[in-house]
Amino acid sequence: MLTPTVWDASLFHASPQLAVSGEFVLRLIIDGLMIGIIYALMAIGLTLIFSVLNIVSFAHGEFYMLGGYIVYFFLQTFEALPPLLSIVAAAIVTFAVGFLFERIFLQPMARGEVERPNEYAILVTFGLAFFLQFLMLGLVGPFPKKAHRLFDLPQIEGTFFRTTKATLFLGDITISAGRLFAALIALLALAGLLWFMYRTWTGRALQAVSQDRNAAAVVGINPLNMNTLAFSMGAMLAGLAGAVLVTVYSWVPWVGVPASSKSFVIIVLGGMGSIPGSLLGGLIIGVVESLGTGLFPDPARAQAYRDVFGLVIFALVLLLRPTGLFGRKL
Amino acid sequence: MRKSVLVFLLTAVSMLLLVACAQQQQTEAPQVVEKTVVVTQVVEQEKVVTQVVEVTPVAGRCAPTSFDELGDNAIKIGVPIPLSAPGSVTGGRAMQTAVNIAVKEVNDAGGVLGKYPVDVVFYDTSGLPERGTAGMEYLITSECVVAVVGEYHSAAGLTEKEVANKYHVPVIFAETWNDDITASQYPEVFRIAPASSMVAQADAKYLSDVGVSFVAIVAENTDYGVPASEQTKERLAALGIDSETYLAEQGTQEFGALIAKIQEDMKDKEGLKAVLVLITGETSYNFEQQAAEQGLMPREDVVGIANQVAYNADEFWQNVPDGNYYAFRRVGVVPALTKDNPVATAFVEAYEKELGRFPESYAFEAYDAFMLMVKAIEKANSLDPDAIIAALESFDSPENGVQLAQGLYYFPYGTKNPVPDDQPAWMWHQWPDPAVLFLQYWQEGQSAEEACVVWPKQYQTCGDTYWIPPGTEPPVTP
């Protein structure tokens, strides 16, 4: 039996750390960049949809959630197959869901068959978000799931460089294997996307439609097909972000809500409709959040203020450049 | 002449005798005196009076206050629990299952007092204060519940107790630890979970026994986490252990930078260190896995103490696959402590049938809170809130207590026996005997039953060790 004692609360006190090592700052930057790349991947999907279809998809977070669950169940079901295939599966399924949704629900709007297209777009994407969220809640339940990291690191012993199956040690800097693989896959996906957008005819067609739909149509580009492609690709990018992060975070059906909010901040920060802006915005938010949390002098509040650090930068950029970093002037 | 003299003499003697007698009678005549006499008289008087009593109406409360008013309806008991984010869905579902088992058990036995069936009304609070208020309002004014049991999160519980007090509805909190739940000393509010201060004391003693010199307390920024971290810090300081608190929002996913910060802060600390997780529910998994992956803990020189949901082994290993050698707190009984208790055995069997695992502490508490309320209604033989509260208060000692699955419940302090000055205010309507144990996993994927009980000493199952360093085995295999 415990013997209760009289409670006498004391207040927290900040313990400011004035001396900060360079290794620590470097670690925070690396950490911020790794998570920032994944933020960027998701935000680029949202900006692609906005720039081509001129709508904001409120179901973007749910595609992120869907991508994560596909990887989780793929790895559970097909243990013998190479784990990277789970990422491919997530990309294919989220692309397909995005494709079907755009064809069935958004094409009528693009064809002018909907009276109030702006309101319709908001409602129909919100509807999709709720549908996907509660569908998954019904299918998999509310309990958290987490996919195992795609690969374990080989165990290496060294003085400066050493590894365990889960952790990479570079001197005092430690990097988690799951996070490292997630960032590398996201980086590859980003590289592929940029190549597609800037080096292929279809990618350039997408850019053309985003700049001027009528002019693009005059030169033989079908804007309706580009709409479908943009929405499907946007959904796929969100799905890819979820697919790599399900190995880092525990996954629940409502996991997409905060991720979606972050994407909105990033695309406004980078400039609505700008792919380079979203890329840079994602990296900035990732690094600022990491540095802010690590260097904030009151340890009791540092993590609690994490989102605030990114939003302060967001507010400052909007104050100085209301169109965002790479936004076009309206 | 002689004859005349003789007659004269006889007459004279007779006269003298008569006079003498007359004089004697004259001296014994009654005298008039004043005297005080005390008379006790019992008078029975029956009087019919009309009394005007001022009563404060409890507007909106619609529960019946007697079995006559109940009629053919079931007795409704409200159960606010978290069933969606950001609350602990794991905790809420476990409590829901436990309460359903209790309801079935009561109704299978014919109901309360063998004739009044009970009905349960769940409300999803998401662990949020505003939903706690809304939930209690709904349960009391729309569902007409007679009493309330449950809740997992202190943040919601703190607002729920205010509504219970407003409508004068008895409530037994099952898993809310914040001291203020009972410290406000509302007549309606009872608690069978430990108060934060009790747990903080156990945490500090355990860490002291392990021999740590520095503790990083990672707490959620809620009405549970903030006071719990303050109390733990205070008790650690009293034991000469340095500590630092790191707060995080409930529902946070990304902890990378915070983990880096803790590692940086610990770099200069000598000796054995510890990280104590005071984050509830699923959020704790995110922190624990990321901390393990980033090499913060568990290590030879860093004791990792996970949140109590780690007891749910299947879920823990799925979400914290690198969590081997995490220790975790267990409030309440472990399997070995239930074997001699038929109530516990029956509940464990029913729970394992439903969810396939040994009940968590909050499941035990939810079951017991419901059954205790039923016992109180039966003892009160009434649905009147005052009668139910009086019945609960009558469980005031181990001798008058109620044996349920987790222990022998009683509330030593209440209206009749106020909390003395040398005891904390939260001892009001507080069960004083919850057991606090520490367990530790030492093999990947093992069940909670296979984990070692490492503290307190009298319950140790793996030999005389408070901490199994990573990479080693316990001295004795359970």
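Letters go in sequence order (proteins before strands), and every chain restarts at 1.
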Self-check item: Full working for side-chain contact (heavy atoms from CB on, under 4.5 Å) between A:Thr167 and B:Gln294
Solution: CA-CA 6 Å; A:Thr167 317; B:Gln294 292 190 43; 5.5 Å; no
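- Residues of residues 241-256 of chain A lying under 4.5 angstrom from chain B, judged on non-hydrogen atoms, are A:Val248, A:Tyr249, A:Ser250, A:Trp254, A:Val255 in numerical order.
- Ionic pairing of B:Glu249 and A:Arg301 is not present here: no N-O contact between side-chain nitrogen and carboxylate oxygen is shorter than 4.0 angstrom.
- Looking at B:Asp322 and A:Arg149, their side chains come closer than 4.5 Å, going by heavy atoms from C-beta outward.
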Self-check item: Audit row: B:Arg93, A:Phe143, side-chain contact (heavy atoms from CB on, under 4.5 Å) steps and yes/no
Solution: CA-CA 9 Å; B:Arg93 282 294 180 95; A:Phe143 301 109; 3.5 Å; yes
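- Around atom CG of B:Asp314, no more than 12 heavy atoms belonging to other residues, nucleotides or ligands sit under 6.0 Å away.
- Looking at B:Ala292, the atoms closer than 4.5 Å to chain A (heavy atoms on both sides) all sit in the backbone: N, CA, C or O.
- In this structure, CZ on A:Phe296 lies 13.0 Å from CG on B:Leu258, to the nearest 0.5 angstrom.
- Between chain B and the options A:Ala302, A:Gly292, A:Ser290, A:Pro142, heavy-atom pairs under 4.5 Å are most frequent for A:Pro142.
- Of the listed residues (A:Pro144, A:Ala177, A:Ala304), the greatest number of heavy-atom pairs within a distance under 4.5 Å of chain B belongs to A:Pro144.
- A salt bridge links A:Arg179 with B:Glu254: at least one charged nitrogen is closer than 4.0 Å to a carboxylate oxygen.
- Summarising the geometry of B:Pro321 relative to A:His148, their closest heavy-atom pair is CB-CD2, 3.9 Å, with the distance given to 0.1 Å.
- Of the two parts of B:Glu315, only the side chain, counted from C-beta on, holds a non-hydrogen atom closer than 4.5 Å to a non-hydrogen atom of chain A.
- Under the 4.5 Å side-chain criterion, counting only non-hydrogen atoms from C-beta, B:Lys261 is in contact with A:Pro299.
- Of the possible donor and acceptor atoms, none in the side chain of A:Lys146 sits under 3.5 Å from a partner among the backbone N and O of B:Asn319.
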Self-check item: side-chain contact (heavy atoms from CB on, under 4.5 Å) between A:Arg27 and B:Gln263, intermediate numbers included
Solution: CA-CA 11 Å; A:Arg27 181 179 168 186; B:Gln263 284 176 312; 2.2 Å; yes
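- Contacts of A:Lys145 with chain B are made by both backbone and side-chain atoms, with heavy-atom separations under 4.5 Å.
- Between B:Tyr246 atom OH and A:Thr293 atom OG1 the span is 13.0 Å, to the nearest 0.5 Å.
- A pairwise comparison of heavy atoms in B:Leu247 and A:Gln303 identifies O-CB, 3.2 Å as the closest pair.
- Between the side chains of A:Ser176 and B:Gln290, no donor-acceptor pair is found at a separation under 3.5 Å.
- Heavy atoms of other residues, nucleotides or ligands lying less than 6.0 angstrom from CD of A:Glu79 number 12 at most.
- For A:Asp172, the part lying under 4.5 angstrom from a heavy atom of chain B is the side chain only.
- Summarising the local packing, CZ of A:Phe151 is surrounded by more than 12 heavy atoms from other residues, nucleotides or ligands at distances under 6.0 Å.
- Heavy-atom distances place the side chain of B:Thr252, and not its backbone, under 4.5 Å from chain A.
- Counting heavy atoms of neighbouring residues, nucleotides and ligands inside a 6.0 Å radius, atom CZ of A:Phe131 does not exceed 12 of them.
- Closest approach of B:Ala257 and A:Asp31 over heavy atoms only: N-OD2, 3.5 Å.
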Kindly list each side-chain donor-acceptor pair under 3.5 angstrom involving residues 60-67 of chain A, sequence neighbours excluded, with atom names and distances?
| residue | atom | partner | partner atom | Å |
| --- | --- | --- | --- | --- |
| A:His60 | NE2 | A:Met42 | O | 2.8 |
| A:His60 | NE2 | A:Leu46 | N | 3.3 |
| A:Glu62 | OE2 | A:Gln133 | NE2 | 3.0 |

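- Counting all heavy atoms, side chain and backbone alike, B:Ala260 lies closest to A:Phe24 at O-CE1, 3.5 Å.
- Atom CZ of A:Phe169 has more than 12 heavy atoms from other residues, nucleotides or ligands within 6.0 Å.
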